[in-house]
**Q** 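Before I ask anything, let me first share the structure, which is written out below as C-alpha cells.
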Amino acid sequence: QEPLVESGGRLVQAGGSLRLTCAAPGPIFSSHVMGWFRQAPGKKREFVASISRKATNTRYADAVKGRFIVSRDDTKNTLYLQMNNLSPEDTADYYCARSRFSDVAVNQEFQYDDWGQGTHVTVSS
C-alpha cells in the first residue's frame, strides 16, 4: 500500500492551535479505522485519537480529551487532528496509522498495520 504522509507539525506557543494532516492515498482509506499516536522524547509511543469508518465512532486519550479533535475526509483520503490549547507536554512526534479494524475506534498500537513517518510538534512555554 502507498505510505501514509503526515504534515502540519511546527513550533507553536503554549495555548495555541495546530492542525495535523495525514494523506492516505489509496481506495481503501474509507474502509479503515485511522488513528493518531505520538512519541515524546525519551518516552514510549502513546495513543492520541482514533476515528472509525464513516466517522461514526471516535476515541481520545484522556490527556487530549476536550482539546483535540480527530476527523476524516473520505473524499480526499485525508485524516486530520485539530489540536487546541496546546501545552509543552504535547511536544512530540505525531504519527498517523491505519488499522485493520473498520467500526471500532481502537487505541492499541498492535491494532494498526500501517504507519506514517511522523511530523514533529514543539510547543514552547
Side-chain angles (χ1 to χ4, degrees):
Q1 297 190 28
E2 295 185 53
L4 307 177
V5 180
E6 304 93 336
S7 62
R10 61 175 175 86
L11 173 65
V12 62
Q13 288 189 333
S17 297
L18 202 58
R19 189 177 78 162
L20 304 182
T21 297
C22 173
I28 61 174
F29 171 82
S30 62
S31 301
H32 292 260
V33 168
M34 298 294 296
W36 287 100
F37 289 75
R38 69 185 181 185
Q39 186 169 19
K43 295 187 177 182
K44 294 176 59 176
R45 189 156 58 185
E46 63 178 5
F47 170 77
V48 174
S50 61
I51 184 167
S52 68
R53 181 180 58 158
K54 299 182 180 180
T56 52
N57 293 291
T58 58
R59 177 179 289 190
Y60 296 92
D62 288 343
V64 308
K65 202 171 294 183
R67 299 188 298 125
F68 290 12
I69 300 171
V70 61
S71 62
R72 63 192 299 160
D73 185 340
D74 290 344
T75 65
K76 298 180 179 179
N77 286 353
T78 302
L79 176 72
Y80 302 100
L81 184 67
Q82 178 66 42
M83 305 187 295
N84 302 317
N85 192 23
L86 285 160
S87 71
E89 288 70 36
D90 296 315
T91 294
D93 291 322
Y94 284 74
Y95 300 87
C96 71
R98 177 167 44 217
S99 173
R100 72 190 75 103
F101 292 88
S102 297
D103 299 313
V104 178
V106 293
N107 63 347
Q108 301 297 311
E109 279 194 57
F110 74 87
Q111 295 167 319
Y112 290 82
D113 298 316
D114 301 302
W115 296 80
Q117 293 299 306
T119 186
H120 186 72
V121 173
T122 299
V123 183
S124 64
S125 58

**Q** Given side chain to side chain contact (heavy atoms under 4.5 Å, CB included), test R98 with L4 step by step and report yes or no.
**A** CA-CA 8 Å; R98 177 167 44 217; L4 307 177; 3.7 Å; yes

**Q** For the CH2 atom of W36 and the CG atom of L20, what is their distance to the nearest 0.5 Å?
**A**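 These two atoms lie 5.0 Å from each other.
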
**Q** If I compare all heavy atoms of A14 with all of S125, which pair ends up nearest, and what's the gap?
**A** CB-CA, 4.2 Å

**Q** Any chance you could measure R100, atom CZ, to S31, atom OG, to the nearest 0.5 Å?
**A** 15.5 Å

**Q** Suppose we screen for side-chain contact (heavy atoms from CB on, under 4.5 Å). Which residues come up paired with E109, at least two apart in sequence or across chains?
**A** F37, R45, W115

**Q** On the ring face of Y60, is R67 found with NZ or CZ under 6.0 Å from the centre and within 45° of the axis?
**A** no

**Q** Looking at S99 and Q111, would you say the former's side chain and the latter's main chain have a donor-acceptor pair under 3.5 Å?
**A** yes

**Q** Ignoring hydrogens, what is the shortest heavy-atom contact between Y80 and K76? Give both atom names and the distance.
**A**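 Answer, listing the atom of Y80 first, then K76: OH-CD, 4.2 Å.
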
**Q** Identify the two heavy atoms, one from Y94 and one from M83, that lie closest to each other, and give their separation to 0.1 Å.
**A**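 Scanning both residues completely, I find the closest heavy atoms to be CE2-SD, 3.8 Å.
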
**Q** At what distance, to the nearest 0.5 angstrom, does NZ of K43 lie from CG of D93?
**A**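 Nearest 0.5 Å value for the NZ-CG distance: 13.5 Å.
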
**Q** With rounding to the nearest 0.5 angstrom, report the CD to OH distance, E46 to Y95.
**A**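 Here the interatomic distance stands at 12.5 Å.
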
**Q** Any idea which heavy atoms bring S102 and S52 closest together, and the distance?
**A** O-CB, 3.6 Å

**Q** Check for me, please, whether V64 and V106 land in the same ILVMFWY cluster - side-chain distances under 4.5 Å, paths through other members count.
**A**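 They do not share one cluster, since no chain of ILVMFWY contacts under 4.5 Å joins V64 to V106.
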
**Q** Is it the case that the side chains of N84 and S17 hold a donor-acceptor pair, with the cut-off being a distance below 3.5 Å and no angle test?
**A** yes

**Q** Any idea which heavy atoms bring P3 and P25 closest together, and the distance?
**A**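 Taking every non-hydrogen atom into account, O-CD, 3.4 Å.
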
**Q** Does the E6 side chain pair with the main chain of G118, one donor and one acceptor, at a distance under 3.5 Å?
**A** yes

**Q** Please answer whether the main-chain N or O of F29 pairs with a side-chain N or O of R72 as donor and acceptor at a distance below 3.5 Å.
**A**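 Such a contact is found between R72 side chain and F29 backbone.
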
**Q** Would one find more than 12 heavy atoms of other residues, nucleotides or ligands at under 6.0 Å from atom NZ of K44?
**A**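 No, the 6.0 Å shell around NZ holds no more than 12 heavy atoms from other groups.
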
**Q** Out of curiosity, does F101 fall in the hydrophobic cluster containing V70 (side-chain heavy atoms, cut-off under 4.5 Å, transitive links)?
**A** no

**Q** So does V123 get a backbone contact from the side chain of T91, meaning a donor-acceptor N/O pair under 3.5 Å?
**A**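 Indeed, once roles are kept as given, a pair shorter than 3.5 Å links the two residues.
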
**Q** Hey, is CD on Q13 packed in by over 12 heavy atoms from elsewhere, all under 6.0 Å?
**A** no

**Q** Ignoring hydrogens and angles, tell me if any N or O in the side chain of T58 forms a donor-acceptor pair with the backbone of A55 under 3.5 Å.
**A** no

**Q** Under a 4.5 Å side-chain heavy-atom rule over Ile, Leu, Val, Met, Phe, Trp and Tyr, are M34 and Y112 clustered together?
**A** no

**Q** Return the CZ to CZ distance between F47 and R38, rounded to the nearest 0.5 Å.
**A**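 Rounded to the nearest 0.5 Å, the CZ-CZ separation comes out at 11.0 Å.
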
**Q** Enter the distance from T119:OG1 to R10:CZ here, rounded to the nearest 0.5 Å.
**A** 11.0 Å

**Q** Do F68 and L18 have side chains that approach each other closer than 4.5 Å (heavy atoms only, starting at C-beta)?
**A** no

**Q** Give a yes or no on this: more than 12 heavy atoms of other residues, nucleotides or ligands lie within 6.0 Å of atom CD of Q117.
**A** no

**Q** Kindly say whether N107 contributes a backbone atom to a donor-acceptor pair with the side chain of S50 at under 3.5 angstrom?
**A**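 Not at all, since once roles are kept as given, no pair shorter than 3.5 Å links the two residues.
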
**Q** Please determine whether side chain to side chain contact (heavy atoms under 4.5 Å, CB included) holds for the pair D90 and V121, giving the CA-CA distance in whole Å, both sets of side-chain angles, and the decisive distance to 0.1 Å.
**A** CA-CA 8 Å; D90 296 315; V121 173; 5.6 Å; no

**Q** Looking only at heavy atoms, what is the nearest atom pair of H120 and A92, with distance?
**A** ND1-O, 3.6 Å

